[in-house]
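Fair warning: this is a prediction, and the values are worked out from it, not measured in the lab. The chain is numbered in sequence order, starting from 1. All ligand and atom numbering here is 1-based and tracks the order in the structure.
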Amino acid sequence: MENIKPGGPNILITGTPGTGKSTLGLELSQRTGLKYVNVGELAKQEQLYEGYDEVYQCPILNEDQVIDELEDQMSNGGNIVDYHGCEFFPERWYDIVFVLRTDNAALYERLEHRGYTGKKLDDNIQCEIFQTILEEARNSYKHEIVHELPSNTPEDLEDNLDKIIAWIEHWKSTH
Ligand SMILES: Nc1ncnc2c1ncn2[C@@H]1O[C@H](COP(=O)(O)OP(=O)(O)O)[C@@H](O)[C@H]1O
């Protein structure tokens with residue numbers, strides 16, 4: 001049975017770093033009033049970590065702590081969650097999952113611009129080539145709620161916003 005969420009639907013925006021999750025998530029939040037949750041930022045603020053990854057030179061997310069931290073607000077609904085992974089969240093949290101996709105050349109430029117180099121840059125490009133996050137989403141959620149969205153141009157961004165806003169309106173009229 002579906003949970004009742006007074007705050008509205010919960011939306012997951014996932015995809016390889018640099019595909020445009022925070023750009024889309026923030027704009028969507030502004031236009032809809034749903035709450036934007038950047039899991040990476042939340043972990044940093046609340047120090048939800050368990051150790052340090054020497055290879056990638058970044059802290060390791062404590063997934064259980066993230067789940068505990070978000071459980072109440074996710075049960076209430078009305079959240080747009082942004083993270084470059086999706087398999088550790090409880091499946092019941094999300095009403096819909098969007099996986100952003102970016103062509104290699106564009107993604108390479110965005111990540112280079114962000115200061116990524118060497119293995120970190122290469123691995124993220126490979127992650128996108130092998131559609132790792134899309135596979136992860138399809139393995140973690142019902143196929144019918146997982147949607148791939150192109151995220152290459154500003155026109156794509158506008159199209160994606162229009163589509164998601166229309167979906168939210170529909171969700172609200174049926175719940
Ligand atoms: N649809 C798009 N078209 C062109 N550039 C985009 C698009 N979406 C995001 N960008 C740009 O790509 C870069 C990475 O976007 P960001 O939202 O930070 O990605 P993520 O949150 O997935 O890491 C930013 O410079 C952003 O302005």
Side-chain angles (χ1 to χ4, degrees), residues 9-46 48-49 53 55-63 66 69-70 73-74 78-89 93-141 145-168:
N10 287 324
I11 298 170
L12 175 62
I13 301 179
T14 188
T16 306
T19 49
K21 299 181 295 298
S22 60
T23 306
L24 176 65
L26 282 165
E27 188 59 33
L28 190 61
S29 171
Q30 292 219 325
R31 295 195 196 181
T32 62
L34 299 189
K35 190 172 161 50
Y36 172 71
V37 181
N38 183 317
V39 171
E41 288 297 320
L42 176 77
K44 202 185 219 172
Q45 271 168 25
E46 306 295 329
L48 309 176
Y49 297 132
D53 186 325
V55 177
Y56 290 101
Q57 308 255 302
C58 63
I60 299 164
L61 197 70
N62 185 322
E63 297 172 347
V66 169
E69 183 77 24
L70 289 174
Q73 87 183 66
M74 294 303 291
N79 299 283
I80 301 162
V81 176
D82 164 351
Y83 193 59
H84 58 262
C86 58
E87 65 192 350
F88 74 90
F89 298 116
W93 274 7
Y94 298 109
D95 299 287
I96 197 157
V97 175
F98 295 105
V99 183
L100 300 190
R101 304 300 312 279
T102 301
D103 295 338
N104 283 327
L107 186 64
Y108 195 95
E109 251 182 49
R110 290 183 200 171
L111 292 177
E112 228 183 6
H113 188 250
R114 193 179 269 186
Y116 284 20
T117 55
K119 183 172 166 57
K120 191 165 180 174
L121 178 57
D122 293 345
D123 284 0
N124 279 298
I125 297 295
Q126 284 223 358
C127 173
E128 188 60 8
I129 291 172
F130 291 119
Q131 48 185 56
T132 309
I133 311 276
L134 181 63
E135 296 297 322
E136 194 181 310
R138 286 180 175 156
N139 289 333
S140 306
Y141 301 91
I145 74 158
V146 176
H147 302 273
E148 204 177 346
L149 292 176
S151 180
N152 296 300
T153 64
E155 293 71 36
D156 287 342
L157 174 63
E158 282 305 319
D159 279 358
N160 294 339
L161 286 162
D162 289 346
K163 278 186 193 143
I164 300 173
I165 290 165
W167 178 86
I168 294 169

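Annotation for Glu109: atom CD does not count as buried by contact number, only 12 or fewer foreign heavy atoms lying within 6.0 Å.
At least one heavy atom of Pro154 sits under 4.0 Å from some atom of ligand 1.
Contact record, Ser151 with Arg110: O-NH2, 2.9 Å, taken as the closest heavy-atom pair.
When each atom of ligand 1 is checked for a heavy atom of Thr23 under 4.0 Å away, the hits are 9 (C), 15 (O), 16 (P), 17 (O), 26 (C). Under a 4.0 Å criterion applied to the non-hydrogen atoms of Arg114, ligand 1 contributes the atoms 14 (C), 16 (P), 18 (O), 19 (O), 20 (P), 23 (O). Taking every non-hydrogen atom of Asn152 and a distance limit under 4.0 Å, the qualifying atoms of ligand 1 come out as 3 (N), 4 (C).
The nearest protein heavy atom to atom 25 (O) of ligand 1 is not closer than 4.0 Å. In this structure, atom 14 (C) of ligand 1 has protein heavy atoms in its sub-4.0 angstrom surroundings.
Among all protein heavy atoms, the one lying closest to atom 2 (C) of ligand 1 is Thr153 O, 3.5 Å. When only non-hydrogen protein atoms are considered, atom 19 (O) of ligand 1 lies nearest to Gly20 N, 3.1 Å. Protein heavy atom nearest atom 7 (C) of ligand 1, with residue, atom name and distance: Arg110 NH2, 3.7 Å.
Residues passing the salt bridge (Lys or Arg N to Asp or Glu O under 4.0 Å) test with Asp122: none are found, sequence neighbours excluded. With sequence neighbours left out, the salt bridge (Lys or Arg N to Asp or Glu O under 4.0 Å) criterion links Lys35 to no other residue.
Partner of Asp123 under the side-chain hydrogen bond (donor to acceptor under 3.5 Å, both in side chains) criterion, chosen from Lys120, Gln126, Lys119: Lys119.
With hydrogens and angles ignored, the 3.5 Å screen pairs no side-chain donor or acceptor of Thr16 with any backbone N or O of Asn124.
A salt bridge is defined here as a Lys NZ or Arg NE, NH1 or NH2 lying under 4.0 Å from an Asp or Glu carboxylate O, and Glu158 with Arg31 meets this definition.
The residue among Ser22, Gly18, Gly25, Pro150 with a heavy atom at the shortest distance from atom 16 (P) of ligand 1 is Ser22.
Glu87 and Asn139 share no side-chain donor-acceptor pair at under 3.5 Å.
For Asp156, no nitrogen or oxygen atom sits less than 3.5 Å from a nitrogen or oxygen atom of ligand 1, counting backbone and side chain alike.
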